[in-house]
Amino acid sequence: MSAETALSSLQRDDLRVVAAMIIPASEQFGVPGADDAAIQADILVTLGRDAELVREALDHLAHLAGMPLANLGETVREAVARQFRASGGAAAATLTRVVLQCYYRDDRVLRSLGLELRPPFPKGYGLEQGDWSLLDPVKARPSMWRRAPSRTPD
Amino acid sequence: MNDPVDVLIIGAGASGAAVAWSLAETRMHILCLEQGDWMNPAQYPSVGRDWEARAYGDYSISPNIRARPEDYPVNDDNSPIKVVNFNGVGGSTIMYTAHFPRLHPSDFRVRTLDGVAEDWPIDYDTLAPFFAENDRMMGVSGLAGDPAFPPTDPPMPPLPLGRSGTRLAKAMNKLGWHWWPSDTTVATVDYEGRARCINLGHCTPACAQGAKASTDITYWPVALRAGVELRTHCRVREITTNGQGMATGVVYYDKDGVEQFQPAEVVVIACNGVGTPRLLLNSASGRSPNGLANSSGMVGKNLMFHPYAQAYGYVDEPTDSNRAPPTCLWSKEFYETDPSRGFVRGYALQFGRGIGPVTEAVTSEAKGLLPWGAGHHAAFRRLNGHRLGLSAICEDLPEEHNRVTLDPVLKDSHGIPAPRVDYTIGENSARMLEHGIARAREILAAAGATDICVNCPILYGGWHLLGTARMGVDPERSVVNEWGRSHDVKNLFVVDGSVFVTSGGVNPTSTIQAIALYIADQMKQRLANLFD
C-alpha cells in the first residue's frame, strides 16, 4: 500500500489536525507543529506496520467527532481529543507514538533541542569518566556476599 | 537424507555458540541449526536517523511485535510479563543490554540457606573456571574488588561513570548503600578484533560498532574456523528417537521451507527457556506422549522471568541520556536474604543512564508528564536528557503453575505449534517488587530527581527465560542431570537457561554461558562413556 493510499483523504486531514493538537507550532521555541507538511509526509511514508492501528485510531476519532475534526470548534475538538485518549486504547497510543517519533527526528526540531542531525553511528558520542573517588567508601566496606556451603558430593 | 553428524546443536545463541566452540577441539563433526540468519551490522538501527523508531518495529524486543520471518509467535496473553528475545545467529545476545553479572554463590543453595525451592546440583565454585573462560571469550569490562561478590578478574576496564553514574553514585553514598560499576560485555578497549565502544547509546537493539559482545562476533567466528558447521534459516520441528529411546536426529525446515531429516549421534538443545520446552513438547511420540525427556512431567514447568520493577525521575542537570551504553552501575545492597524485609532471597539494582528523545516523548506522554498542546514544548525540554532510572531485578522462585505449554491454535510460519506462557507473579516476588520500588524512590530522591514514575512489573520485561527443563539428581523432579544430560534420553543435552533450578536476582546470560561451557566440558571428559 502506498503512502497516498494508506490513509483516506479525510483520515489524512484528521491526522493533521490531531497532530497539531498534540504538538502545536511554537514561536517561542522556533519549531513547527506536528501538522507541518514535511512531518506529515514523514508520517505517511513510514507508517508501515502501524498503518492498520493508525487507521483504526482515526476511525475512532472520526466516530467521536461526527464530522471532520477541522470543522469542530476548539472547545469541542479538545473534548473529543480527551475522549479519544481515554477510550482509544492501543490504536490511539500508536497514533500518538507515530506522531511523536516523526516529530522528534525532524531536523528543525532536533536543532532547536541542541541535538546533532545525525545517526549515532559511526561518530558516536563522548562519555566523561566521572568521579571515581566516589567509589572509595564502597571499596572500604567489608566483604558482604553470603557464603554458601559447597555441594555435597553424591 | 543429510549425512549424519556427531553432535547437532539446535540454536546459535548465547549457549549454543559457547558449546559449539568448546566442543570444536574434539574434532567431531559438529553442526548447528539456527532458525534465524546472520545479522548485518550495517543495517542495525544506530546507523540511521530512525534508530529509535525501529525499536517499535523491526527491532522491537518482542517477537510478537517484531514478527520477522525468523521469529516464532508466543501466546503470552496470560502473563503480566511478556516474552522478549531475538532469533538469529547470536540469539538474544544481539539484543541485550550487555549487563553481565554472575549468579552469586548463595543462589545455588537456596534450600539449604533459606528453606525455599531447591538447591542446585552444582555450585558457584564448579562454575568459576567457566565464568572466567566466558569472560575472556565474550570480553568483559569491569572492575575487580566488588565487596558484594567473590573475586573476579575482568579483562577490560569498566565503562566510565559518566554524568548519570556519578549522580547516582553520589546518591548511593548519601544513603550508605552498596554500588559498583557493572560488569558488561561492552568493550572499553579494542579487544580480540572488536573495536572499543564509541557510545552509540543504543546497546539493546544491536551494536553497529561491534563493541558489544554478541556470540555472532565472539564465539562463532572461532568455532567456524575450528570446523563447526552452522546452517541458518533451519527451523527444527522435532527431535526423533528410536526404539531404544535414543535421539536419532531432528526434523527441520530448511531455508526453502523443505522438510529435512538430520541424523545425529548427540543432540544439544540451546533454544532458551521457552523454545526448549516448546521443542521437547513438540517432539512427543508414542513412546513419550507427554513430550520428549518428560517422564518427570517437569518440561515447561517452573518458568522464571525475573520480575523487574523500574523507577525513573528527572534531575536538574543533563544526564548521559542516550549517548552512552544504557547501564552503568549495579547494587547488591538488597541481594542476600534479610528476614526483616518480609521476603526471602533478594534483588539486584541495575542503574540506567537515560534515553533518547523519541523514547522520552513516547513514554512521558503515556505517563501524563508530557501534555498535548501549548505546554508540550516547555515540558519536553525539561524532561528530555534529564532522566535517571533504575530497576530492581527480582529473584523469581520456581512455581510449577508458571509454565510453557503448546498453544492449541497458534502456530509459526512453518505450521509448528507455538508456545503458550501461563505465568503469575508469586507472593514473595510481589513483596520484593514493592520493596525494590520503595528503595528506588529513595535513591532517586537522594539524587534530587522529581516526577518519579514507576513501571511494575515492566510489561515487556521477560528477557530471562529460565527453569523449564531444570537440572537435578532426581529424575522425578528434574529434566536433565547435574551435567545437562536428559535423564530419559541418554544422548540428549540441554544447555540453555531452561536448566536453571532457581533464577538468582541478576541477568543470567553470564551464568547461562558458564553452564553451557561446563556441560560441554563434562561431555568432553566423558566421551568414552557419554551414554552410560
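As a basis for the values below, the full set of heavy atoms in this structure was taken, side chains included, without hydrogen atoms, waters or symmetry mates.
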Peer 1: Does A:W145 form a side chain to side chain contact (heavy atoms under 4.5 Å, CB included) with B:Y335? I'd like the steps, not just the answer.
Peer 2: CA-CA 9 Å; A:W145 56 277; B:Y335 196 83; over 6 Å; no
Peer 1: Sub-3.5 Å donor-acceptor pair from the side chain of B:H377 to the main-chain atoms of A:Q28, do we have one?
Peer 2: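 Judged by distance alone, no pair lies under 3.5 Å.
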Peer 1: Is A:P120 close to B:N199 at the side-chain level, that is, under 4.5 Å between some pair of heavy atoms?
Peer 2: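 Of all side-chain heavy-atom pairs linking A:P120 with B:N199, none is under 4.5 Å.
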Peer 1: As a quick check of understanding, evaluate salt bridge (charged side-chain N to carboxylate O under 4.0 Å, His left out) for A:R147 and B:E336, giving each step before the final call.
Peer 2: CA-CA 10 Å; A:R147 272 61 179 176; B:E336 307 286 6; over 6 Å; no
Peer 1: For the pair B:R353 and A:L127, evaluate side chain to side chain contact (heavy atoms under 4.5 Å, CB included) and give the outcome as yes or no after the intermediate values.
Peer 2: CA-CA 11 Å; B:R353 297 183 194 270; A:L127 178 63; 4.0 Å; yes
Peer 1: So for A:D107, is it side chain, backbone, both, or neither that comes closer than 4.5 Å to the heavy atoms of chain B?
Peer 2: both
Peer 1: Does the pair B:W372 and A:T96 meet the rule for a side chain to side chain contact (heavy atoms under 4.5 Å, CB included), with working shown?
Peer 2: CA-CA 10 Å; B:W372 288 24; A:T96 307; 3.9 Å; yes
Peer 1: Of the backbone (N, CA, C, O) and the side chain (C-beta and beyond), which part of B:H178 lies under 4.5 Å from a heavy atom of chain A, both, or neither?
Peer 2: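 For B:H178, backbone and side chain are both near chain A.
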Peer 1: If you take the centroid of each ring, where Trp contributes its six-membered ring, are A:F121 and B:Y44 closer together than 6.0 Å?
Peer 2: no
Peer 1: Salt bridge or not for A:R85 and B:E365, using N-O below 4.0 Å?
Peer 2: yes
Peer 1: Just verifying a value: how many Å separate B:S60 OG and A:R49 CZ, rounded to the nearest 0.5 Å?
Peer 2: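 Going from OG on B:S60 over to CZ on A:R49, the span is 8.0 Å.
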Peer 1: Specify which of B:H202, B:R66, B:K332 makes the most heavy-atom pairs with chain A at under 4.5 Å.
Peer 2: B:R66
Peer 1: Mark yes or no for whether B:N173, through its side chain, and A:P137, through its backbone, hold a donor-acceptor pair below 3.5 Å.
Peer 2: no
Peer 1: If you apply the rule side chain to side chain contact (heavy atoms under 4.5 Å, CB included), what do you find for A:L113 with B:F380, and how did you get there?
Peer 2: CA-CA 10 Å; A:L113 291 167; B:F380 187 74; 3.7 Å; yes
Peer 1: Which region of A:L117, side chain (C-beta onward) or backbone (N, CA, C, O), has a non-hydrogen atom less than 4.5 Å from a non-hydrogen atom of chain B, or is it both or neither?
Peer 2: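 For A:L117, heavy atoms of backbone and side chain both lie under 4.5 Å from chain B.
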Peer 1: Which heavy atom of B:A374 sits nearest a heavy atom of A:P24, and at what distance?
Peer 2: N-CG, 3.9 Å
Peer 1: Under 4.5 Å, counting heavy-atom pairs only, tell me which of B:D50, B:T359, B:V47 racks up the most with chain A.
Peer 2: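 Answer, by heavy-atom pair count under 4.5 Å with chain A: B:V47.
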Peer 1: Check this for me: does any side-chain nitrogen of one of B:D338 and A:R146 sit under 4.0 Å from a carboxylate oxygen of the other?
Peer 2: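 Salt bridge flag = no for A:R146 with B:D338.
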Peer 1: Between B:L143 and chain A, with a heavy-atom cut-off of 4.5 Å, which part of the residue counts as in contact: side chain, backbone, both or neither?
Peer 2: side chain
Peer 1: Under 4.5 Å between any side-chain heavy atoms of A:L134 and B:T166, yes or no?
Peer 2: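 Yes; the side chains approach each other to less than 4.5 Å.
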Peer 1: Assess, by modelled atom type and distance only, whether the side chains of B:R381 and A:S112 contain a donor and an acceptor separated by less than 3.5 Å.
Peer 2: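 There is such a pair between these side chains.
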Peer 1: Find the one option among B:S106, B:P105, B:A148 whose heavy-atom pairs under 4.5 Å with chain A are most numerous.
Peer 2: B:A148
Peer 1: Rounded to the nearest 0.5 Å, what separates atom OG in B:S364 from atom CG in A:L100?
Peer 2: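 Answer for the OG-CG pair, B:S364 versus A:L100, is 9.5 Å.
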Peer 1: So for B:D119, is it side chain, backbone, both, or neither that comes closer than 4.5 Å to the heavy atoms of chain A?
Peer 2: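 Neither part.
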Peer 1: Tell me, side chain or backbone of A:V99 under 4.5 Å from chain B's heavy atoms, or both, or neither?
Peer 2: neither
Peer 1: Between B:F108 and A:S150, is any pair of side-chain heavy atoms under 4.5 Å apart?
Peer 2: no
Peer 1: Give, as side chain, backbone, both or neither, the part of B:D107 having an atom under 4.5 angstrom from any heavy atom of chain A.
Peer 2: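 Nothing of B:D107, per the 4.5 Å heavy-atom cut-off to chain A.
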Peer 1: Taking CD in A:Q129 as the centre, count heavy atoms belonging to other residues, nucleotides or ligands within less than 6.0 Å. Is the count above 12?
Peer 2: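 Yes, CD of A:Q129 has more than 12 neighbouring heavy atoms, counting only those of other groups under 6.0 Å.
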Peer 1: Which region of B:P45, side chain (C-beta onward) or backbone (N, CA, C, O), has a non-hydrogen atom less than 4.5 Å from a non-hydrogen atom of chain A, or is it both or neither?
Peer 2: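 It is neither, since no heavy atom gets under 4.5 Å.
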Peer 1: Within the structure provided, determine whether A:R97 and B:Y56 are in side-chain contact (heavy-atom separation under 4.5 Å).
Peer 2: yes
Peer 1: How about B:E317: does its CD atom have over 12 heavy atoms from other parts shown lying under 6.0 Å from it?
Peer 2: yes
Peer 1: Ion pair present between B:E52 and A:R105, side-chain N to carboxylate O less than 4.0 angstrom?
Peer 2: no
Peer 1: Looking at SG of B:C197 and OH of A:Y125, how far apart are the two atoms once the value is rounded to the nearest 0.5 Å?
Peer 2: 12.5 Å
Peer 1: Work out which heavy atom in B:L113 is nearest to a heavy atom in A:A148; give both atom names and the distance.
Peer 2: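 Closest pair (atom of B:L113, atom of A:A148, distance): CD1-CB, 4.1 Å.
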Peer 1: Would you give the length of the straight line joining atom CH2 of B:W177 to atom CZ of A:R141, rounded to the nearest 0.5 angstrom?
Peer 2: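 Rounded to the nearest 0.5 Å, the CH2-CZ separation comes to 11.0 Å.
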Peer 1: Please examine the side chains of A:L135 and B:W179, heavy atoms only from C-beta on, and report whether any two atoms are closer than 4.5 Å.
Peer 2: yes
Peer 1: Could you check whether B:R323 pairs with A:E116 (Lys NZ or Arg NE/NH1/NH2 to Asp/Glu carboxylate O, under 4.0 Å)?
Peer 2: no
Peer 1: At a 4.5 Å cut-off on heavy atoms, which part of B:A53 comes close to chain A: side chain, backbone, both, or neither?
Peer 2: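 Contact with chain A is through both the backbone and side chain of B:A53.
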Peer 1: Which bit of B:T337 is near chain A, if near means a heavy-atom gap under 4.5 Å: side chain, backbone, both or neither?
Peer 2: both
Peer 1: Between A:D42 and B:R49, is there a side-chain N and carboxylate O pair less than 4.0 Å apart?
Peer 2: no
Peer 1: Search all heavy atoms of A:G130 against all heavy atoms of B:L161 and return the closest pair with its distance.
Peer 2: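 Smallest heavy-atom distance, with atoms named: CA-CB, 4.2 Å.
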Peer 1: Which atoms of B:T112 come close to chain A, meaning under 4.5 Å heavy atom to heavy atom: side chain ones, backbone ones, both, or neither?
Peer 2: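 Interface part for B:T112: side chain.
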Peer 1: Chain B: which of A:A81, A:P119, A:G124 shares the most heavy-atom pairs with it under 4.5 Å?
Peer 2: A:P119
Peer 1: What part of B:E360 gets closer than 4.5 Å to chain A, counting heavy atoms only: side chain, backbone, both or neither?
Peer 2: neither
Peer 1: Taking every non-hydrogen pair under 4.5 Å, which of B:A208, B:P357, B:G375 racks up the most with chain A?
Peer 2: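 Ranked by heavy-atom pairs under 4.5 Å with chain A, first place is B:A208.
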